[in-house]
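The model shown is predicted, which means the values in this text are computed figures rather than measured ones.
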Amino acid sequence: LHEGPFRPEVRTQHAALAGVDYAHSPLLRGYQQLEPRPTAEVVLNAPEGHPLLVTWRYGLGHVIAWASDAGPRWSDEWLTWPGYTTQWTQLARFALRSSAGSDTAIEVDVQAGKALVRIARRDDKGLSIDDGSLRARVVDGGATHELGLRAREPGLFDAELATVSGRTYTVEVLGAGDKVLARHSFAPPPSAELRHRTPDRALLANLARRSGGQLAPSALAPALSDSVAADVIRLWPWLVALALLLLPIDAVLRRPARVL
């Protein structure tokens with residue numbers, strides 16, 4: 001939980017937020033730190049690069065996660081701001097299942113630097129659509145690349161795409177006459193090792209205080225404590241001498257057995 005004044009930072013230009021001027025918006029007073037799922041698209045950022053507004057595709061609709069609130073605790077100055085009404089109205093419309101092009105759904109699964117793009121085409125009765133004219137392309141910045149679709153079953157296609165974290169990709173499905181049937185944007189997350197970019201200095205300071213250590217020592221110089229033995233007693237010479245003493249005794253005890 002982070003409380004403090006901040007202004008949202010636009011990470012991705014999203015159609016659902018068209019006309020909202022976040023550069024001159026009132027300040028929010030706090031947010032809940034979240035971690036985006038692998039297939040999510042981060043639209044707005046909070047301080048330290050934490051996600052504030054995240055969306056991802058689910059079926060033929062969308063899911064939206066807002067890390068702050070919509071009430072007087074953190075958004076009291078937003079309640080009278082015109083952009084407040086515009087944002088929530090457009091986001092609500094964006095999240096609803098669209099009647100236009102609702103026969104085409106796009107899902108993206110990102111793992112290990114690769115995105116698996118799945119495209120499903122069904123009519124309003126649930127029957128597959130496959131007219132042989134389906135194509136797909138991906139828009140990466142200013143460049144556009146064709147996606148080689150593979151037909152897995154009637155009406156279901158997929159393709160693989162190499163991705164780089166920190167960039168936003170837009171997949172477009174094209175029909176006859178290059179008409180855009182569906183569009184889906186996603187941003188691959190960083191690797192698990194790079195998701196938390198800064199150390200938790202408050203936790204480290206607390207551990208150093210409780211253990212008597214240093215937060216950022218210039219050199220490591222561990223000292224011996226009471227639980228560490230400073231004097232070493234080597235036992236192996238005594239064990240060797242004992243074995244030599246026992247050897248004649250063992251020979252004497254075994255001799256009567258050999259005579260018999």
Side-chain angles (χ1 to χ4, degrees), residues 2 6-23 25 28 30-71 74-75 78 81-111 113-120 136-141 147 158-159 161 163-173 180-192 195:
H2 299 267
F6 72 95
R7 183 171 284 113
E9 176 188 357
V10 178
R11 174 172 173 177
T12 303
Q13 296 295 333
H14 202 281
L17 302 180
V20 183
D21 185 9
Y22 291 100
S25 69
L28 291 170
Y31 67 95
Q32 177 68 50
Q33 182 176 335
L34 306 176
E35 183 174 342
R37 61 170 56 209
T39 57
E41 177 185 10
V42 180
V43 181
L44 295 178
N45 273 346
E48 302 182 24
H50 296 151
L52 178 65
L53 177 64
V54 183
T55 178
W56 64 91
R57 186 89 184 193
Y58 186 82
L60 298 179
H62 293 84
V63 178
I64 295 174
W66 172 254
S68 187
D69 68 358
W74 290 336
S75 306
W78 277 41
W81 176 51
Y84 176 88
T85 304
T86 303
Q87 169 184 292
W88 290 114
T89 301
Q90 294 180 172
L91 285 176
R93 291 174 179 171
F94 169 76
L96 295 175
R97 174 172 175 162
S98 175
S99 59
S102 60
D103 55 3
T104 304
I106 304 174
E107 293 183 353
V108 181
D109 185 16
V110 181
Q111 290 184 359
K114 289 187 178 181
L116 178 62
V117 180
R118 289 185 291 267
I119 301 172
R137 64 188 179 192
V138 59
V139 181
D140 176 10
L147 278 179
D158 66 13
L161 170 67
T163 60
V164 178
S165 63
R167 298 166 65 172
T168 301
Y169 300 84
T170 300
V171 177
E172 295 180 339
V173 179
V180 178
L181 303 177
R183 182 181 288 110
H184 175 66
S185 298
F186 68 97
S191 62
R195 290 184 185 180

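- Aromatic ring orientation, Y31 versus F6: perpendicular (interplanar angle above 60°, classes split at 30° and 60°).
- Contact between L44 and V42 at its shortest, heavy atoms only, is O-CG1, 3.6 Å.
- A tilted orientation is assigned to the rings of W78 and Y22, their planes being inclined by 30° to 60°.
- The shortest side-chain heavy-atom distance between W81 and V20 falls under the 4.5 Å cut-off.
- Looking at every heavy atom in both residues, Y84 comes nearest to A70 through OH-O, 2.9 Å.
- Between V180 and R137 the shortest side-chain heavy-atom distance falls below 4.5 Å.
- Between the side chain of Q90 and the main chain of A18, a donor-acceptor pair closer than 3.5 Å is present.
- Judged purely by atom type and a 3.5 angstrom limit, N45 has no side-chain atom pairing as donor or acceptor with the backbone of R11.
- In this structure a side-chain-to-backbone donor-acceptor pair under 3.5 Å is missing from D21 to G83.
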Tell me, with the steps shown, if V173 and I106 meet side-chain contact (heavy atoms from CB on, under 4.5 Å).
CA-CA 8 Å; V173 179; I106 304 174; 3.4 Å; yes

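- Rounded to the nearest 0.5 Å, atoms CG (D140) and OG1 (T163) are 9.5 Å apart.
- The shortest non-hydrogen separation linking W74 to G30 is CE3-O, 3.3 Å.
- Listed for the T55 side chain is a donor-acceptor partner under 3.5 Å among the backbone atoms of V63.
- The line from NE2 of H184 to OG1 of T104 is 14.0 Å long, rounded to the nearest 0.5 Å.
- Between the side chain of R183 and the main chain of T170, no donor-acceptor pair closer than 3.5 Å is present.
- Interatomic distance, T86 OG1 to L91 CG, rounded to the nearest 0.5 Å: 10.5 Å.
- Residues that satisfy the side chain to side chain contact (heavy atoms under 4.5 Å, CB included) test with T12, not counting sequence neighbours, are E41, T168.
- Of the possible donor and acceptor atoms, one in the side chain of Y169 sits under 3.5 Å from a partner among the backbone N and O of V164.
- The side chain to side chain contact (heavy atoms under 4.5 Å, CB included) test with P8 is passed by exactly one of L17, L52, L53: L52.
- Scored by the side chain to side chain contact (heavy atoms under 4.5 Å, CB included) test, A159 finds L147, L149 as partners (sequence neighbours excluded).
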